[in-house]
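Just the heavy atoms: all of them, side chains too, but no hydrogens, waters or symmetry mates, feed the values below.
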Amino acid sequence: MDIRELLLKDAMIMDMKASTKREAIDEMVHQYFKAGVIDDEELYKKDILAREAQSTTGIGDGIAMPHAKDKAVKRATVMFAKSATGVDYDALDGNPVHLFFMIAAPEGANNTHLQALAALSSLLINPELVAALKKAQTPEEVHQLFADAEAKKEAKEKAEAAKEATKQTTVKVDDKPYVVAVTACPTGIAHTYMAEESLKKTAEAMGVDIKVETNGSEGVKHRLTSDEISRAAGVIIAADKKVEMARFDGKPLVNRPVVDGIKKADQLIDEAVKGKAPVYHAAADEGAAEDTSANGTVWGEIYKDLMNGISHMLPFVVGGGILIALSFVIEQYFGGAKSLPFIFLNNAGSLAFAFMIPVLAGYIAESIGDRPALMPGFVGGFMATVYSGSFGGVYVANVMTNAKSSAGFLGGIAAGFIAGYLTLFLKKLFAKLPKSLEGMKPMLLYPIFGLLLVALIMFFIVNPIFAVVNTWVTAFLNHMGTGNAVLLGLILGGMMSIDMGGPFNKAAYVFAVAAFTSTKNGDLMAAVMAGGMVPPFATAIATAFWPKKFTDDERKAGITNWVLGFSFITEGAIPFATADPLRVLSSCILGSATAGALTQWWHVSVPAPHGGFWVTPLASNPFGYIIAVVIGSIIAGVLLGIWRPEKTNAK
């Protein structure tokens with residue numbers, strides 16, 4: 001992709017009026033809205049400000065690169081804006097900012113867009129280009145300057161590649177100092193690649209060989225090999241998010257924010273080459289580069305940690321749940337409760353279920369406190385399933401025993417977060433121990449104190465509290481009348497389409513799974529599954545019957561969505577929702593809510609936590625299950641097809 005395709009002329013601001021940082025952001029965001037690049041000013045501005053709250057994007061030398069990646073963005077774009085007087089933007093060097101590059105990337109940005117954004121970011125390291133841009137008067141001049149700079153950079157890279165190919169036969173690799181580096185920023189769009197370019201240019205000027213791995217939006221590029229790490233004199237981590245650290249065990253390592261890779265590359269390289277950096281020990285220093293959530297908010301962090309637990313838990317839920325459901329079919333139709341197939345499938349599924357809450361809690365904890373938090377999290381989750389607490393409870397250690405869960409699913413979530421944050425507390429508590437005792441932390445101090453504290457909190461506080469909550473929820477679900485069930489099914493079904501895989505979708509699914517594990521009643525699983533199948537089916541219907549209203553790529557995706565809908569993969573509708581959120585989400589929410597309500601009206605129960613139509617034979621009312629999904633999908637598909645405007649050139 002030509003960089004000039006990202007630099008829209010009608011989105012440029014050649015004479016910015018703002019004098020403060022907030023005014024500058026408001027002016028640029030509004031210009032994006034006027035140019036049709038974004039469809040929600042408040043959402044995009046919120047994410048821009050969230051990124052600024054992490055660290056300023058005013059990188060110095062009169063340049064700022066505010067950026068955000070969210071669903072408000074319609075197409076990947078870079079806005080060029082220029083202020084003659086300069087804006088106080090809290091830049092790292094304290095000087096006013098004259099050149100702005102506001103990067104907007106859609107949630108579903110493809111690799112071509114991301115590569116172009118990365119290339120654009122790396123060009124801004126060139127001081128000649130920056131000086132020329134400050135003098136540019138028209139959008140056409142800006143376009144030409146970037147075209148010339150890109151052509152010059154490509155020519156230089158080809159010359160360097162040819163030189164490197166011939167150099168191997170005449171120069172030994174060890175003739176120059178050699179270091180390796182990793183760059184990464186939370187959004188992985190701009191700073192990641194600017195730091196890469198700065199480190200490479202500075203290393204060349206200093207006579208140092210370097211290889212830089214980038215952890216950006218398009219994944220890991222130029223991954224460092226074990227041989228390269230072993231050969232390196234030192235390691236540079238210029239990152240604001242978690243990177244894979246254990247591979248650098250025993251190497252001198254410089255760990256700095258990504259902006260230091262841009263502004264202080266010479267210092268980082270000097271420390272790495274001359275052995276000034278401390279030696280990294282993976283076992284003692286795990287978690288040194290903590291991850292940062294996509295939006296930098298507290299709720300963003302909590303959601304990230306919860307999803308880490310759920311993603312690891314789901315295989316246990318799906319595998320165990322479907323085997324248990326199959327055992328019920330065998331019990332009913334092929335041999336009864338004493339048949340070997342029933343006993344085998346039911347026990348295998350039950351064993352998977354026994355690990356479900358411990359795995360959930362363990363990996364929530366691991367997301368927060370890294371590996372030292374994993375064991376306390378697992379044990380805390382296990383206690384949520386077999387301990388009944390300090391008031392009249394008993395401890396049942398045998399997972400094969402039919403122990404009644406006191407804290408259950410909710411208690412397991414609490415155990416994960418408690419174990420994670422307790423581990424962070426212990427890391428700070430033991431941070432000032434003598435270096436001679438560093439090895440004791442992961443092998444002795446973290447396991448003992450982590451387990452002791454989590455066990456005390458679970459036994460005396462969490463289990464007694466959540467026992468009451470869990471009992472109340474179970475009683476409510478078991479005694480819920482048809483009217484309440486229909487209303488709850490409507491809400492859960494609709495939630496499956498609000499964000500299609502996001503927090504609302506996952507909240508509905510987790511609630512249904514919690515109810516299923518507590519009561520072994522699959523009523524709400526039916527509502528959630530039906531609601532989640534509607535969006536892909538709806539887009540498939542709309543593209544099939546109103547083809548002129550969709551692009552060629554959308555029509556192809558619509559065909560694929562027949563299969564995804566059948567399999568309960570809601571995410572197949574995300575590209576449609578990204579391109580046209582108002583019409584797609586409104587239509588799908590209505591259809592999903594209808595499907596969820598109908599499953600409860602017709603008393604459909606699905607004793608399996610996944611599978612879509614593949615688990616229809618397990619449903620208590622297979623015909624009602626199918627018809628509920630069909631009706632909801634037709635409502636959503638027809639509404640979307642009629643509402644969607646016809647394209648003048650659907651290619």
Side-chain angles (χ1 to χ4, degrees), residues 3-59 62-92 96-109 113-114 116-117 120-121 124 133 136 139 142-143 146 185-191 194 217 292-297 299-300 499 577-582 585:
I3 283 178
R4 287 172 292 183
E5 293 182 25
L6 294 172
L7 286 161
L8 299 184
K9 293 180 181 179
D10 59 353
M12 292 186 186
I13 302 175
M14 301 305 296
D15 184 18
M16 179 178 279
K17 302 296 189 290
S19 59
T20 67
K21 181 174 184 175
R22 186 57 184 259
E23 289 174 356
I25 290 173
D26 289 345
E27 188 173 342
M28 289 186 285
V29 171
H30 185 63
Q31 181 71 7
Y32 260 156
F33 183 73
K34 285 180 16 181
V37 174
I38 60 174
D39 59 11
D40 188 332
E41 283 189 72
E42 291 305 314
L43 174 60
Y44 183 70
K45 186 187 301 182
K46 176 183 175 184
D47 287 340
I48 286 287
L49 293 173
R51 175 61 186 88
E52 294 295 330
Q54 295 172 21
S55 63
T56 180
T57 57
I59 61 174
I63 298 174
M65 299 186 67
H67 50 274
K69 179 179 180 181
D70 62 31
K71 62 183 179 181
V73 181
K74 308 303 294 179
R75 57 169 292 184
T77 308
V78 178
M79 175 192 296
F80 173 78
K82 189 174 74 163
S83 170
T85 58
V87 175
D88 182 2
Y89 202 83
D90 300 326
L92 294 171
V97 171
H98 293 272
L99 300 181
F100 296 84
F101 299 88
M102 179 172 273
I103 299 174
E107 280 188 330
H113 286 144
L114 296 173
L117 290 170
L120 176 63
S121 301
L124 294 176
L133 287 170
V142 175
H143 263 205
F146 272 105
C185 68
T187 50
I189 295 174
H191 288 57
M194 294 182 73
S217 290
T292 303
S293 69
N295 58 18
T297 65
W299 287 113
D499 50 8
T578 301
D580 190 3
L582 176 62
L585 292 180

TODO: Give a yes or no on whether the backbone of Ser83 and the side-chain of His98 come within a donor-acceptor separation of less than 3.5 Å.
DONE: yes

Open item on the list: So does Val73 get a backbone contact from the side chain of Tyr32, meaning a donor-acceptor N/O pair under 3.5 Å?
Closed with: no

If you compare all heavy atoms of [X] against all heavy atoms of [Y], which two are closest, and at what distance to 0.1 Å?
{"X": "Ala18", "Y": "Ala24", "result": "CB-N, 3.3 Å"}
{"X": "Asp39", "Y": "Pro581", "result": "OD2-CG, 3.5 Å"}
{"X": "Val142", "Y": "Ala136", "result": "CG2-CB, 4.0 Å"}
{"X": "Asp580", "Y": "Lys74", "result": "N-NZ, 3.9 Å"}
{"X": "Ile63", "Y": "Met65", "result": "CG2-CG, 4.1 Å"}
{"X": "Pro66", "Y": "Met28", "result": "CG-CE, 4.1 Å"}

Task: Contacts of Lys45 that satisfy side-chain contact (heavy atoms from CB on, under 4.5 Å) - sequence neighbours left out - done: Arg22, Ile25, Asp26, Val29, Glu42, Leu49

Task: Sequence-distant partners of Leu43, side-chain contact (heavy atoms from CB on, under 4.5 Å), two or more places apart - done: Asp40, Asp47, Asp70, Lys71, Ala72

TODO: Find out whether Val37 and Tyr44 are in side-chain contact, i.e. whether some heavy atom of one side chain is under 4.5 Å from a heavy atom of the other.
DONE: no

Open item on the list: Contact between Phe101 and Leu133 at the side-chain level, heavy atoms closer than 4.5 Å - yes or no?
Closed with: yes

Distance-only donor-acceptor pairs under 3.5 Å for side chains of residues 6-16, two or more places apart:
none

Task: By salt bridge (Lys or Arg N to Asp or Glu O under 4.0 Å) - contacts of Glu27 (at least two apart) - done: none

TODO: Identify, with sequence neighbours excluded, every residue that meets side chain to side chain donor-acceptor pair (under 3.5 Å) alongside Ser19.
DONE: Glu23

Open item on the list: According to side chain to side chain donor-acceptor pair (under 3.5 Å), who are the partners of Glu52, at least two apart in sequence or on a separate chain?
Closed with: Lys21, Thr57, Tyr89

